[in-house]
Enquirer: 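Before I ask anything, here is the structure I am working with.
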Amino acid sequence: MAAETPVVELKQITKRFPGIVANDSISIKLHKGEIHALLGENGAGKSTLMNILFGLYQPDEGHIEINGAPVAIDSPNKANELGIGMVHQHFKLVQPFTVTENIILGMEPSKAGGQIDYKTASEKVKKLSDQYGFHINPNARIEDISVGMQQRVEILKTLYRGANILIFDEPTAVLTPQEILELIEIMRRLVAEGKSIILITHKLKEIMSVSDTVTIIRRGKVIDTVKTAETSPFELAEKMVGRNVSFKVDKKPAAPGEKVVEISGVTVKNKDGIAMLDGMTFDVRRGEIVGVAGVDGNGQTELIEALSGLRKIDSGSIKLGGREIGGQTPRKIFEAGVGHIPEDRHKHGLVLDFSVSENMVLESYYKEPYTKRGFLNFRAINELASRLVSSFDVRTPSIQTKARSLSGGNQQKAIIAREINKNPDFLIAAQPTRGLDVGAIEFVQSQLIQQRDQGKAVLLVSFELDEILNVSDRIVVVYEGKVIGEVRPEETNDQELGLMMAGSKQGGHMHESSK
Amino acid sequence: MNQANKILKWFVSDSFIVSLAAIVLGLLLGAVVMLVGGYNPIEAYAALVTRVFGSAYGIGEMLRETAPLLLTGLAVAFAFRAGMFNIGAEGQVLMGMTGASIIAITLPGIPTGLHMILAVIFGALFGGVWAGIAGFLKAKRGVNEVITTIMLNWIALFLSNYIVRTFLLLKGDQRSENIPASASASIDWLSSAMNNARVHWGIPVAFLAAVFFYYFLWKTKQGFELRAVGSNADAAHYAGINVGRNIVKAMFISGVFAGLAGAFEVLGVFHYQAIYSASPGYGFNGIAVALLGMNHPFGVMAGAALFGTLSYGSGGMSFEAGVPPEIIQIVIGSIIFFIAAQGIVRFVIKPFYGKRKKEKVL
Amino acid sequence: MKKAVKLSLFMLLAFSLVLAACGNKNSAGGVKVGMVTDTGGVNDKSFNQTSWEALEALKKDGKVGDIKYLQSKSNADYEPNLNEFIKGGYDLTWGIGFALAEAVQKVAGQNPDAKLAIIDGAVDAPNVESVLFAENEGAFLVGVVAGLTTKTNKIGFVGGMEVPTIQKFEVGFKAGIEAVNPDAKFTPIYASGFDKPDEGKAAAATLYDSGADIVFQAAGGTGTGVFNEALDRFKTGKKVWVIGVDKDQSLEFGNDVTLTSMIKRVDVAIKTVSEQVVDGTFKGGQTTTLSLKDDGVGIADTSKANVPQDVLDKVEDYKAKIVSGEIKVPTVE
């Protein structure tokens with residue numbers, strides 16, 4: 001093994017940006033037929049490293065060897081020539097084009113007379129697809145196929161260009177659990193055919209199931225490189241975060257009090273008149289976390305929007321502490337005592353071009369002491385921001401830093417700080433840990449539980465079954481805009497939940513919705 | 001102390017240096033064009049500077065040229081800060097002119113000064129309401145403001161002409177009657193001290209408007225809302241800010257700036273309102289000025305002063321150096337081009353600039 | 001950045017060295033005459049251009065020294081442009097066009113020692129000489145030509161803008177037609193400005209389509225569109241006529257479509273008043289209207305190319321009657 005030349009070797013790569021060292025003398029060897037995982041928190045330097053390998057950045061020190069020969073990769077085109085392909089987290093596909101058109105984009109095979117030879121191209125795509133078990137229709141339009149399929153198109157694109165070394169950047173972030181299993185299958189087939197893979201991720205579960213070797217990066221440095229078979233998730237997490245991480249969420253049994261939120265018969269229709277929420281009914285009590293489980297698209301988004309006032313409800317009622325809040329404006333609902341950690345933190349949670357400090361008062365800027373006689377009181381605003389930043393451990397160079405330049409985890413912490421600081425009776429947390437690393441997930445979840453323990457009502461909407469099972473005190477399962485069942489986490493497991501989410505009404509006690 | 005530091009910082013900031021480099025590159029390209037055309041660029045640029053800064057008259061007229069540019073530039077920049085592209089400053093200027101003319105001409109006998117202030121306020125309101133229409137249509141119906149403001153420009157042109165022709169016309173001429181002295185915004189004592197340069201109250205008002213812009217947008221509650229809506233309307237909506245109302249408000253204020261420009265052109269410069277066969281172009285220049293100033297009020301100030309200097313000084317280029325107006329337009333155009341095409345400027349100055357930056361880091 | 005500035009300065013320096021020898025200042029001495037155009041600019045193929053050509057002719061003949069023009073980008077430029085000449089010590093400053101009347105009035109008042117003159121506008125100031133033209137009389141003559149030449153008995157008119165100066169053309173033209181051909185149908189169309197060739201073309205198309213075979217244009221740059229429409233039709237084999245304005249437009253648009261032109265001797269006015277300054281006979285404070293009698297307006301000498309002699313004779317008859325005062329040409333309807 002030691003005698004074999006690695007297909008890619010990164011030697012002492014150092015990359016500095018103004019004020020920080022993104023990569024500090026990083027060395028990694030990728031062998032043929034290997035899946036090599038790069039594990040690290042957000043902002044640890046994984047993406048910088050891969051951008052260097054893919055020719056988007058130049059290292060300040062160190063060099064890259066491909067099959068033992070030193071190379072200078074000065075552009076993505078050069079990387080392509082060297083057989084390096086990258087599957088980006090955010091797909092770079094032309095939506096109205098077909099699969100084949102997207103794959104050949106930029107290197108269209110032509111017939112005599114300059115016409116594009118679609119026939120040959122789509123045959124070649126078909127052949128590749130069959131070889132690796134992609135099951136892709138080369139003539140389907142991108143906008144018509146699922147996210148998982150789109151990702152396969154990205155993979156095919158690199159294979160079509162003759163890539164032997166594939167870089168996967170957080171490939172599972174956008175996939176459903178089923179799609180993740182299929183992706184893992186595809187990755188296994190790729191290495192079986194002699195390709196080599198670098199997998200960038202911060203999800204331990206995936207690493208354990210698919211990788212051969214793991215390199216852990218923390219703050220720009222390699223902490224360790226280990227064989228996956230010889231390690232455990234606990235060890236990896238500890239190395240990644242630099243301290244002990246508990247996977248089991250510590251919490252006392254819930255002590256639910258009176259009903260804070262009563263949602264009864266809420267119906268919301270979309271533009272086409274289809275009921276996205278169809279008489280949804282459930283309640284949340286003081287001192288409990290209610291988890292909403294369901295496959296994406298079964299009314300979760302509409303439920304959150306209705307609860308936070310972003311969407312009018314067509315019928316039914318939402319009561320907070322006995323007062324109707326359905327159909328009120330977002331501000332009225334906030335003022336009534338609702339906090340909301342939104343699903344999409346870039347779209348709804350933050351104004352990215354505002355400073356951390358400005359974002360902290362995004363909902364309360366108009367109140368005393370933040371505004372006095374129409375003028376913003378920056379002293380009060382900055383005081384608040386400094387206090388929240390330090391008590392919620394938001395890592396930012398300064399409170400005047402733009403929210404855009406914070407890492408995902410710190411952005412989320414900032415939002416949570418803002419929402420919890422309002423001291424709401426009812427806290428809605430929509431996908432609060434999406435895209436976060438282990439350390440941040442632990443922080444967010446413990447905050448939710450702390451709120452519960454302080455007697456708040458918490459609603460947790462999540463597509464991560466583990467999170468629902470670990471954090472909730474009670475689980476309502478939604479299907480096609482209705483509550484289809486209600487279970488206690490200690491009385492169920494992910495198989496049963498999975499079945500219920502797929503629409504079969506078994507387990508738990510039935511919850512009859514009105515109408 | 002902190003403030004001084006901030007200003008210092010701004011001077012070495014990227015945007016400032018890039019703007020400066022863009023101006024230099026624009027002047028160089030202009031020089032090349034003049035050389036090719038057989039004119040002496042040194043002589044021409046010297047003539048430009050002399051015409052503007054060589055006499056009190058020149059400075060006064062440059063300020064007169066700058067004031068409407070500054071106000072329309074602020075109008076465009078203000079709307080932009082709230083996430084909208086106000087192409088309609090042109091029409092709002094015309095409506096500002098019309099509003100001011102109506103008050104000035106049809107209501108004689110109001111005491112001097114008060115009459116002028118009333119006319120200015122009406123002009124500003126006319127401009128504000130005109131822009132507010134586009135804001136309202138966007139807020140209520142989601143109609144793209146670019147389209148509505150362009151359409152409103154035409155309506156403003158013909159509506160203004162109709163009003164002047166029907167109610168305010170000077171018999172046998174293509175313009176309104178003269179406004180009475182009580183409504184004049186000219187600063188007569190200063191004007192005679194500057195060899196009859198047409199200085200008027202709109203000049204200080206324009207600079208105050210820039211200061212107002214800054215304080216309103218960055219220091220007040222309402223400005224916070226406007227910026228939030230402009231940067232991320234979804235997040236603003238989610239945070240409980242009434243997005244629609246802010247869109248209308250932003251467009252109204254934007255229109256007020258443009259309306260002021262129009263009002264002062266009538267009350268301070270011409271003392272009558274002409275019937276225009278085509279849009280006079282104030283608002284379109286305002287877009288260029290906002291672009292030059294990167295939509296920051298103080299940047300717009302600098303941009304308007306530059307544009308005003310070039311525009312007024314260009315007469316000197318043709319008078320002293322015989323450069324034809326077409327080539328002068330190319331020079332002005334190339335400066336704007338380089339500022340708009342920042343990528344090119346950054347590329348050109350990179351060898352010098354990049355090195356400096358690196359040294360700083362290490 | 002410092003280097004960038006240095007580099008630019010160096011380049012500028014290099015340019016200046018190359019050019020050091022090229023400086024050619026001509027201060028010929030003699031009377032200095034300046035002119036300020038309206039927003040139409042000096043190449044408007046109309047009165048601005050005619051005025052400038054007249055000044056150039058004067059300079060060529062050695063009658064005046066320096067001549068110079070300044071173009072106005074907007075009507076805010078009129079005042080500073082006039083002032084530029086006055087401060088530059090020019091002996092006479094022309095304002096070309098009625099749009100400059102207000103500015104000339106103001107600047108004249110502020111500079112009582114300066115001499116100014118204006119074309120097409122009446123300014124009441126002791127140091128301004130105003131020159132107007134009896135366009136209605138000239139238009140009457142081309143109206144006679146049109147009335148006698150039309151085969152379809154339909155005649156059109158395209159005006160640049162519905163303003164009194166242009167309406168004078170329409171009224172005179174109409175009177176001329178009615179004098180010789182009372183049955184002819186007359187249709188006027190006005191554009192929205194003097195710089196809209198597209199509107200001029202569209203207006204001409206409308207008139208020709210409705211059966212007119214002659215169109216008189218008094219529309220500055222907009223009139224170019226009228227000629228272009230006629231030329232387009234001529235190329236497809238349809239014969240239509242345009243009557244030009246201000247100067248002999250057959251020289252520019254050719255005899256295929258130019259029936260005749262109504263001449264406005266702006267050049268005579270420029271020459272006369274400028275020479276008064278040279279001679280020291282400039283009085284100022286007068287408004288002169290140049291009419292048929294003064295040969296200030298008339299029809300182009302080249303008209304015989306397309307107009308038969310008997311028609312031209314008729315024109316001469318009417319001219320004599322107008323000059324003698326037997327016929328009074330109206331100015332307003």
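Quick note: numbers below take in every heavy atom, side chains included, and nothing from hydrogens, waters or symmetry partners. Small disclaimer: the values here were computed from a predicted structure and weren't measured. Protein chains get the first letters and strands the later ones, always in sequence-line order, with residue 1 at the start of each.
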Enquirer: Taking all non-hydrogen atoms of both residues into account, name the closest pair between B:Gly240 and A:Pro330 and its distance.
Expert: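 For B:Gly240 and A:Pro330, the tightest heavy-atom pair comes out as CA-CB, 3.9 Å.
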Enquirer: Measuring heavy-atom distances to chain B, does A:Thr329 have an atom under 4.5 Å in its side chain, in its backbone, in both, or in neither?
Expert: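 For A:Thr329, there is no contact with chain B at all, as no heavy atom is under 4.5 Å.
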Enquirer: Against chain B, label A:His340 side chain, backbone, both or neither, depending on which of its atoms sit under 4.5 Å from a heavy atom there.
Expert: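 For A:His340, heavy atoms of backbone and side chain both lie under 4.5 Å from chain B.
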Enquirer: Within the side chain of B:Asn232, is there an N or O that forms a donor-acceptor pair under 3.5 Å with the backbone of A:Leu350?
Expert: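 Yes, the answer is positive, given that a donor and an acceptor are paired below the 3.5 Å cut-off.
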Enquirer: Does a sphere of radius 6.0 Å around CZ in B:Phe284 hold more than 12 heavy atoms from other residues, nucleotides or ligands, not counting ones at 6.0 Å or beyond?
Expert: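 Buried by this count: over 12 neighbours within 6.0 Å.
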Enquirer: Does A:Arg331 form a side chain to side chain contact (heavy atoms under 4.5 Å, CB included) with B:Ile241? I'd like the steps, not just the answer.
Expert: CA-CA 7 Å; A:Arg331 177 161 293 172; B:Ile241 294 169; 4.0 Å; yes
Enquirer: What residues, two or more places apart in sequence or in another chain, satisfy side chain to side chain donor-acceptor pair (under 3.5 Å) together with A:Asp353?
Expert: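 A:Asp353 satisfies side chain to side chain donor-acceptor pair (under 3.5 Å) with A:Arg404 only.
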Enquirer: Which bit of A:Glu358 is near chain B, if near means a heavy-atom gap under 4.5 Å: side chain, backbone, both or neither?
Expert: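 For A:Glu358, backbone and side chain are both near chain B.
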Enquirer: Return the CH2 to CZ distance between B:Trp218 and A:Phe375, rounded to the nearest 0.5 Å.
Expert: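 These two atoms lie 14.5 Å from each other.
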Enquirer: Side chain, backbone, both or neither: which part of A:Arg418 has an atom under 4.5 Å from a heavy atom of chain B?
Expert: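 Only the side chain of A:Arg418 comes within 4.5 Å of chain B.
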Enquirer: In terms of heavy-atom proximity below 4.5 Å to chain B, should A:Glu419 be classed as side chain, backbone, both, or neither?
Expert: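 Only the side chain of A:Glu419 comes within 4.5 Å of chain B.
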Enquirer: Look at atom CZ of B:Phe216 and say whether more than 12 heavy atoms of other residues, nucleotides or ligands are closer to it than 6.0 Å.
Expert: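 Above 12, so yes.
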Enquirer: Please list, in residue-number order, every residue in residues 203-211 of chain B that has a heavy atom less than 4.5 Å from any heavy atom of chain A; write 'none' if there are none.
Expert: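 Near chain A, by residue number: none.
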Enquirer: Would A:Phe354 and B:Phe224 count as a close aromatic pair, with their ring centres under 6.0 Å?
Expert: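 Judged by ring-centre distance (under 6.0 Å), A:Phe354 and B:Phe224 do meet the cut-off.
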Enquirer: Indicate whether the side chain of A:Tyr366 and that of B:Glu225 have a donor and an acceptor atom separated by less than 3.5 Å.
Expert: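 Side chains of A:Tyr366 and B:Glu225: no pair found under 3.5 Å.
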Enquirer: Apply side chain to side chain contact (heavy atoms under 4.5 Å, CB included) to the pair A:Lys347 and B:Asp234, showing each step before the final yes or no.
Expert: CA-CA 6 Å; A:Lys347 190 176 175 198; B:Asp234 286 317; 3.0 Å; yes
Enquirer: Quick one: of A:Asn377, A:Leu362, A:Val361, A:Asn359, who has the most non-hydrogen atom pairs under 4.5 Å with chain B?
Expert: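 Heavy-atom pair counts peak at A:Leu362.
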Enquirer: Kindly determine whether B:Lys221 and A:Tyr370 satisfy side chain to side chain contact (heavy atoms under 4.5 Å, CB included), including the steps that lead there.
Expert: CA-CA 9 Å; B:Lys221 179 182 89 174; A:Tyr370 312 122; over 6 Å; no
Enquirer: Around atom CZ of B:Phe85, are there more than 12 heavy atoms from other residues, nucleotides or ligands closer than 6.0 Å?
Expert: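 Open.
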